[in-house]
Amino acid sequence: PKGFEAAVEGLLFFKMSGSTVAKKLTEITARIFGQYIGDGFPSGRKLLRRGLIGDKVADYYPTSIASKDPMYEDPDIQYWKLKQERMKRRGKGPPKKGQGKRSGKK
């Protein structure tokens, strides 16, 4: 690559201090091998290197029976419907739309 040749020529023809040469060499090797030169502060690159965990999370939760069997009724939903029906018969159910507590305050 052109950048590599130019950097090597720059190192050979110009007189630089030892630390500058070392810094340049680390920059060049990082560019060649695709490494990251950090500045000492957290960058989050370690998190980005890790694999995604979405599939593991999705596999943790079981699929519902209702999605597999159309005749299946969830007992919790069934209980809720019965409770709502009982409350409506007693006059304690949810109000009709626009007839709630807030509408009487206007």
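Heavy atoms only: backbone and side chains are in, while hydrogens, waters and symmetry mates are out.
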Are the side chains of M87 and P94 in contact, using a 4.5 Å heavy-atom criterion?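 No; the side chains remain at least 4.5 Å from each other.
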
Got a sec: does the CG of L82 have more than 12 other heavy atoms crowding it under 6.0 Å?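 More than 12 heavy atoms, drawn from other residues, nucleotides or ligands, come within 6.0 Å of this atom.
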
Taking atom OH as the centre, does Y36 end up with more than 12 heavy-atom neighbours from other residues, nucleotides or ligands that are less than 6.0 angstrom away? yes

Tell me, with the steps shown, if R90 and R86 meet side-chain contact (heavy atoms from CB on, under 4.5 Å). CA-CA 7 Å; R90 287 182 10 213; R86 268 189 261 132; 5.8 Å; no

Is Y60 reachable from V57 through a run of I, L, V, M, F, W or Y residues, each pair having side-chain heavy atoms under 4.5 Å apart?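 Yes, V57 and Y60 fall within the same hydrophobic cluster.
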
Name all residues meeting the side-chain contact (heavy atoms from CB on, under 4.5 Å) criterion together with [X]; count only those two or more places apart in sequence or in a different chain, and write none if there are none.
| X | result |
| --- | --- |
| F33 | T29, Q35 |
| K97 | none |
| A66 | S64, Y72 |
| I77 | D74, K81 |

I need the minimum non-hydrogen distance between T26 and I37, along with the two atoms involved.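 Result for this residue pair: O-CD1, 3.7 Å.
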
Can you give me the closest heavy-atom contact between P95 and G100, atom names plus distance?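 Closest approach of P95 to G100: CG-CA, 3.9 Å.
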
With R89 via salt bridge (charged side-chain N to carboxylate O under 4.0 Å, His left out) - residues at least two apart: E85

Got a sec, which pairs hit salt bridge (charged side-chain N to carboxylate O under 4.0 Å, His left out) with one end in residues 41-70, sequence neighbours left out? none

